[in-house]
Novice: 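The structure is given below, and queries will be raised subsequently.
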Amino acid sequence: MSAGADSFVFQYLAPFVGVLLIAVGIAGAVPGGYALVEPDLENCGNPTIGVESPAETAERFGGDERPRLPRLAFADLSTAEQEGFRAAIADPVGEEQVVGSVPNADAFRRGAIVSYEGEEYYVTIVAENTCFAAAPLQFPLGVFAIALGFLGVLAPPLYRRLVRLEQRAGRSE
């Protein structure tokens with residue numbers, strides 16, 4: 001390879017490829033890293049339930065015919081479901097995230113009537129709050145691409161330094 005071709009490769013091509021690798025690495029590392037830390041930052045995987053007041057429930061299912069929905073007693077709910085249910089009743093919007101075990105999730109997905117203190121409440125899941133999914137190697141490969149990209153970007157100054165060292169060595173001989 002001639003000196004002109006070397007110069008083109010180290011002056012233009014290597015930094016260009018380096019910048020591309022950095023861009024691809026960022027695109028892979030950021031979502032991959034977020035998927036790793038998301039469970040610690042948020043309560044992903046915990047559904048949010050919506051609870052309608054007894055008046056709203058009666059209005060929704062008014063009439064003589066009882067709705068054909070699963071019926072649950074408050075005591076049948078898990079501890080986490082009970083806490084979420086009480087918090088949702090106290091919430092002005094009527095929604096709360098259930099943090100913990102949700103054994104009645106299927107019933108809540110279809111909508112269920114929960115009997116609590118002699119009244120009926122319509123309960124349904126309003127948000128699943130799923131966790132972000134990323135490939136297991138997405139984060140490490142993204143970081144590797146970023147590191148390799150920086151080497152490409154730094155190739156011209158490293159090449160010039162190497163050429164100067166070579167020229168100094170040639171003069172001193």
Side-chain angles (χ1 to χ4, degrees), residues 1-52 77-112 122-173:
M1 197 179 279
S2 69
D6 286 346
S7 178
F8 176 78
V9 168
F10 286 107
Q11 291 293 327
Y12 301 107
L13 189 61
F16 178 72
V17 171
V19 168
L20 288 178
L21 282 173
I22 289 171
V24 169
I26 289 172
V30 170
Y34 179 70
L36 291 176
V37 298
E38 183 190 22
D40 296 332
L41 299 176
E42 298 177 21
N43 291 322
C44 66
N46 298 321
T48 300
I49 59 170
V51 178
E52 291 185 355
L77 304 179
S78 70
T79 304
E81 291 171 335
Q82 289 178 350
E83 291 172 7
F85 181 85
R86 284 192 197 115
I89 290 174
D91 185 64
V93 179
E95 295 179 0
E96 183 64 30
Q97 196 173 56
V98 178
V99 180
S101 171
V102 189
N104 296 305
D106 287 337
F108 290 159
R109 276 189 196 95
R110 288 180 270 139
Y122 177 65
V123 180
T124 186
I125 290 180
V126 293
E128 290 284 345
N129 302 324
T130 56
C131 295
F132 179 74
L137 289 177
Q138 191 169 346
F139 178 70
L141 287 177
V143 171
F144 178 74
I146 291 170
L148 194 60
F150 273 114
L151 284 178
V153 170
L154 294 176
L158 293 175
Y159 176 70
R160 279 185 241 127
R161 174 166 276 185
L162 184 65
V163 168
R164 268 188 263 139
L165 287 175
E166 208 173 275
Q167 288 172 347
R168 284 184 195 160
R171 284 187 216 148
S172 65
E173 289 180 6

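Position 1 is the first residue of the sequence; numbering continues from there.
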Novice: Can you tell me how far CG of Leu148 sits from CG of Leu20, rounded to the nearest 0.5 angstrom?
Specialist: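 Rounded to the nearest 0.5 Å, the CG-CG separation comes to 12.0 Å.
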Novice: List the atom of Val51, the atom of Ala88, and the distance in Å for their closest heavy-atom pair.
Specialist: CG2-CB, 3.6 Å
Novice: Would you give me the side-chain donor-acceptor pairs under 3.5 Å for residues 140-147, sequence neighbours excluded?
Specialist:
none

Novice: Tell me the closest heavy-atom pair linking Phe108 and Leu77, and the distance in Å.
Specialist: CZ-CD2, 3.7 Å
Novice: Would you please name every residue forming a ring-ring contact (aromatic ring centres under 6.0 Å, His included) with Tyr122, sequence neighbours left out?
Specialist: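 Listed in chain order: Phe61.
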Novice: With rounding to the nearest 0.5 angstrom, report the CD1 to CZ distance, Ile125 to Arg110.
Specialist: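 Answer rounded to 0.5 Å: 10.5 Å.
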Novice: Can I get a per-line list of side-chain donor-acceptor pairs under 3.5 Å for residues 92-101, giving both atom names and the distance, sequence neighbours left out?
Specialist:
unit_1: Gln97; atom_1: OE1; unit_2: Asn43; atom_2: ND2; d: 3.3
unit_1: Gln97; atom_1: NE2; unit_2: Asn43; atom_2: O; d: 3.4
unit_1: Gln97; atom_1: NE2; unit_2: Asn46; atom_2: O; d: 3.3

Novice: Sort and list the pairs that fulfil disulfide bond (SG atoms under 2.5 Å apart) and have at least one residue in residues 141-171, not counting sequence neighbours.
Specialist: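 Found none.
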Novice: Do any side-chain atoms of residues 26-38 form donor-acceptor pairs under 3.5 angstrom with protein atoms, and if so which ones, sequence neighbours left out?
Specialist:
unit_1: Tyr34; atom_1: OH; unit_2: Glu42; atom_2: OE2; d: 3.4
unit_1: Glu38; atom_1: OE1; unit_2: Phe132; atom_2: N; d: 2.7

Novice: Can you tell me how far the CG atom of Asn104 sits from the CZ atom of Phe85, to the nearest 0.5 Å?
Specialist: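 The CZ atom of Phe85 is 12.0 Å from CG of Asn104, to the nearest 0.5 Å.
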Novice: Roughly how far, to the nearest 0.5 Å, is the CG atom of Leu158 from the CG atom of Leu151?
Specialist: 8.0 Å
Novice: With side chain to side chain donor-acceptor pair (under 3.5 Å) as the rule and sequence neighbours excluded, what pairs involving residues 126-146 come up?
Specialist: Thr48-Asn129, Arg109-Glu128
